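Have a look at the structure below, then the notes.
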There are 2 protein chains.
Amino acid sequence: MTLQQLQYFLAAVEHGTFSGAAAALYMAQPSLSEQIRRLESELGVALFVRAGRRLVLTEAGRALRPEAERTLAAAARAAASVAEVRELTGGTATIGTFGEAPNWLIGNVVATFRRRHPGVRVRVIGLNSSEVADEVREGRIEAGLVVLPIDDAGLDVRPVMTSELLYASADEERLRAPIAVERLAEVPLILYDARWGSDDPTRRALLERAQLAGVRLEPAIEVEELGSALDLAARGLGDTVISQVTTVRRGALPSALGLVPFAEPLYETFAFISRRDAQLSPATRELVALAEQQLATLAERSGGAVSLH
Amino acid sequence: MTLQQLQYFLAAVEHGTFSGAAAALYMAQPSLSEQIRRLESELGVALFVRAGRRLVLTEAGRALRPEAERTLAAAARAAASVAEVRELTGGTATIGTFGEAPNWLIGNVVATFRRRHPGVRVRVIGLNSSEVADEVREGRIEAGLVVLPIDDAGLDVRPVMTSELLYASADEERLRAPIAVERLAEVPLILYDARWGSDDPTRRALLERAQLAGVRLEPAIEVEELGSALDLAARGLGDTVISQVTTVRRGALPSALGLVPFAEPLYETFAFISRRDAQLSPATRELVALAEQQLATLAERSGGAVSLH
DNA sequence: CACTATCCATAGGCTCTACCTATGACGCTG
DNA sequence: CAGCGTCATAGGTAGAGCCTATGGATAGTG
C-alpha cells in the first residue's frame, strides 16, 4: 500500500469515475486504474464495483475511505512539521551554554527570538563547557556557547569574545592593586559550580597558575549560582572571581563589591561551537546570531575591556 | 514522500545506524540510505547528522519522528479496516427486504449473525421490492430479498421460494371453499402498505386478476403493518391477504382468523438479488446464507405448502 | 601506532514499477 | 443505430528501488 494509491483511491471516490479522477490529477486513466487494481489485489478485496458508467464503492471501499483520508492527512502533517522547522515557524531551537551564561546573556536573546518567531520553542541547556562540548559532539544539542579551551574533536569552534577574569572582594585592602595568584590561597575563596565543576577550563587555568606559584587553592565556600557567590562576597564572607563581561549589566554586581585584575592577567575566551560538517537548523542559527549580537552589545558597553574576535 | 521512506526512517532512528536498520529489514544498506536521502531531498532538510560511527537526529528529524509514526499507524489501521471486512470481524452487512419480511424472517437471522460475528454491524433496509431492486442496482445495498417480478436489468436474480397467497378472514362463511377473486370486491378489504405500495408485484397480480374478472378492487382499510391488518381482520372489520410462509411462525396468526386459498391460486416468488458481476462482501454473503436457511426452516414447518426452489 | 571492525557513500547494473499512448469492449443516450 | 464516455488491455519507455562491490572515515584494540 502506498500513499499514492490511497490518493488515487480517494480521487476516484470523489469523482465517481477513473477517467475524471485521472484528469484531475493530470495523468492518464490507465495509470490510475492500474494503481487501484494493485491496491485491490494487495488488500485482497474489490474496492469499487465497476458499474459500466459509474463506480460504486463496495463495503470494503466504504471502510477504507475514512482511513485513507486520515492516513493522507497524517502524511501531510508530517511534511508540514518538517517544513515548519525549515521555515522557522515551528520546531525547537536548542543551544547549550556554560553555567553562568544564562543570567547575563540569555534573557534578551530569548525574548527577541520569541518575538520574531513565536512558533518556535526555545531550549537553553545550562551545563559546564566540557559537558556542552560533549552534548554537541553527540548531536543532542545543535550548538553551544563555551569557554575555551575544550576538546575540539569533531567540532567547529568559533571564538567570539575575550573577557578578562577579575578578582571580586568587599575588602578595599585587597583591591588596591592587581592581585597575585599566591594571595588567593590566603583568603577565603567563594566559588560557584560552573567555576569549580570538573573540567571547567577557567578552574584548570587557575589551578595551573597556583601550582606554578607553589600554592594550593581550596575554596572556603562552594555554591551553585554566581548570584549567590556575589551575595556572600558582598557580605564579606570571602572573595570570588568573575568574568569582566558579567559585570557590564547594570545591577549585576552588588555595590559593596570592588573588582581588580590579576597581577598576571587571566582571560576567558568564549566561543560558539557546533558539529563539524553539520549545518545548523534555521532556528538555532538565528538564535546563535542573536546571541552574537548580544555579546557585541555587551562588549561595546564594557568600553573595550571586553574584546570581540 | 512514501510510507516506505517513513518506515525506513523510523527503522534508522531506532537502530541508530543505517546498516543495522537495513539488516533488520532484510535489505542492503545502500538501498535504505538512498531512500533516506531521497526523503531528505524532498523535504529539503537533513534528518540525520552522519556522525561517523553513529547517527543523530537533526531538529527536523526529531520533528518528523512522531508524525511518521502516526502516519504509519494510520496506514496500518486502513489496511486493518479492510481486512476486517474481508475476515468478517468488522464492517457492515447490508441487506434490503420488502416491507413485511422483517417480522417473520429477520429476527432469527440477525440474532444468529450477531452471535457468530459480533464485530460486524448489520443494516436491514425495509422497502418495497422495486425500491430494493433500485438500491441494489445503484450499489447502495449489496443484496436484497424481493418478491418477483421485478425489473432485473443489471441484477442477478436467484429465486429461492414460492409461497401461496392466502385469503384471511374471521368469517367462517367465507372460508368454506377457495375464494374467487370476484368476491374480494364484495367484502371490506384490509391491506397493508407493503401489499399496496406502488409497484408492489403482488398488488399488480391481484389487480390484474380482478380486471380479468371484470371487477375493481378498493381497500376499505389501509394500514402500515401486517400485524395491524391481521388484528383488524381478527376483529371482523374486514378480510386481508397473506402469504402462506408468513403464517408458519407460531403465534403469527390470531386464532380468530381462518385461511383459505384463492380459487385460482396466487403465488408469490421470493428471490435474492445482487448486482450482476459484483461479488458480495463476506459479511453480506453470510447474512444472505443465514436468511436462506431461515427460509428453508419455514418451508419445512409449512409441511410442503411453501416450496423451495 | 598500526590494525581491525564497523559504518556510510558511491558506482555500476539489474528488475520491476509507474507512466504513457493507442486501441478495443461495453453501456448509456439521443 | 450511431455517437459518446467509460474502463480494460497491450506495448513501450524512463526511472525507482534494489543489489553487489568497493572506498573512505571513525572508533575501539593489541
Side-chain angles (χ1 to χ4, degrees), chain A residues 1-9 11-42 46-58 61 133-134 136-139 151-156 275-278, chain B residues 1-9 11-42 46-58 61 134 137-139 151-156 275-278:
Chain A
M1 188 166 62
T2 64
L3 291 172
Q4 194 191 40
Q5 287 168 349
L6 295 180
Q7 185 196 355
Y8 292 180
F9 166 72
V13 170
E14 280 177 30
H15 280 263
T17 70
F18 289 167
S19 327
L25 295 169
Y26 303 104
M27 61 186 297
Q29 164 263 317
S31 309
L32 188 139
S33 295
E34 184 183 349
Q35 292 312 311
I36 300 286
R37 217 173 315 122
R38 218 176 271 275
L39 179 60
E40 287 178 323
S41 102
E42 183 183 337
L47 296 170
F48 293 101
V49 173
R50 276 75 166 172
R53 198 90 176 161
R54 179 153 225 78
L55 289 178
V56 183
L57 280 177
T58 62
D134 286 344
V136 171
R137 219 189 323 271
E138 308 247 333
D151 174 11
D152 65 355
L155 296 179
D156 260 350
R275 277 196 60 82
R276 184 166 303 159
D277 304 328
Chain B
M1 188 167 65
T2 66
L3 291 172
Q4 194 190 41
Q5 286 168 350
L6 295 180
Q7 185 197 353
Y8 292 0
F9 166 72
V13 170
E14 281 175 30
H15 279 262
T17 71
F18 289 167
S19 326
L25 295 170
Y26 304 105
M27 60 186 299
Q29 163 262 317
S31 308
L32 188 140
S33 295
E34 183 184 349
Q35 292 312 310
I36 300 287
R37 218 174 314 123
R38 219 177 269 276
L39 179 60
E40 287 177 322
S41 104
E42 183 184 335
L47 297 170
F48 293 100
V49 173
R50 275 73 166 173
R53 197 88 177 163
R54 177 154 227 76
L55 288 178
V56 182
L57 279 177
T58 62
D134 287 344
R137 221 188 321 271
E138 307 248 330
D151 174 11
D152 65 354
L155 296 179
D156 261 349
R275 277 196 59 82
R276 185 166 305 160
D277 305 328

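Treat the numbers as computed from the prediction; the structure is a model and nothing was measured. Proteins get letters first, then strands, A, B, ... in listed order; numbering begins at 1 in each.
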* Asked: Considering only heavy atoms, which members of residues 31-42 of chain A lie under 4.0 Å from some atom of DNA chain D?
  -> A:Ser33
* Can you figure out which of C:dA22, D:dC18, D:dT6 approaches the side chain of A:Pro30 most closely? => C:dA22
* Would you check, one step at a time, whether the test side-chain contact (heavy atoms from CB on, under 4.5 Å) holds for A:Phe48 with A:Val56? => CA-CA 5 Å; A:Phe48 293 101; A:Val56 183; over 6 Å; no
* Structure fact -> side chain to side chain contact (heavy atoms under 4.5 Å, CB included) filter on A:Gln35, not counting sequence neighbours, yields A:Gln4, A:Gln5, A:Tyr8, A:Arg38
* Just how far, in rounded Å, is P of C:dG27 from CG of B:Leu155? -> 14 Å
* Would you say a side-chain N or O of A:Thr17 is under 4.0 Å from OP1 or OP2 of D:dG5? -> no
* To do: Please identify each residue that fulfils side chain to side chain contact (heavy atoms under 4.5 Å, CB included) with B:Ala28, with sequence neighbours left out.
  => B:Pro30, B:Ser31
* To do: If a pair satisfies salt bridge (charged side-chain N to carboxylate O under 4.0 Å, His left out) and one of its residues is in residues 17-26 of chain A, list it, with sequence neighbours excluded.
  => none
* What is the distance from CG of B:Leu55 to P of C:dT6, rounded to the nearest Å? -> 16 Å
* Asked: Can you list the residues that meet the side chain to side chain donor-acceptor pair (under 3.5 Å) rule with A:Ser19, with sequence neighbours excluded?
  -> none
* Asked: Is any side-chain N or O of B:Gln29 under 3.5 Å from a base N or O of C:dA9, one able to act as donor and the other as acceptor?
  -> yes
* Got a sec, which residues hit side chain to side chain donor-acceptor pair (under 3.5 Å) with B:Glu40, two or more places apart in sequence or on another chain? -> B:Arg50
* **Atom-pair distance (CE on B:Met27; P on D:dT20), nearest Å** => 11 Å
* Taking the side chain of A:Phe18 as heavy atoms from C-beta outward, which of D:dC18, D:dA8, C:dC8 is closest to it? -> D:dA8
* Structure fact -> To the nearest angstrom, the CD-C1' distance between A:Gln4 and D:dG15 comes to 13 Å
* Pick base, sugar-phosphate or nothing for A:Tyr8, based on heavy-atom distances below 4.0 Å to the nucleic acid. => sugar-phosphate
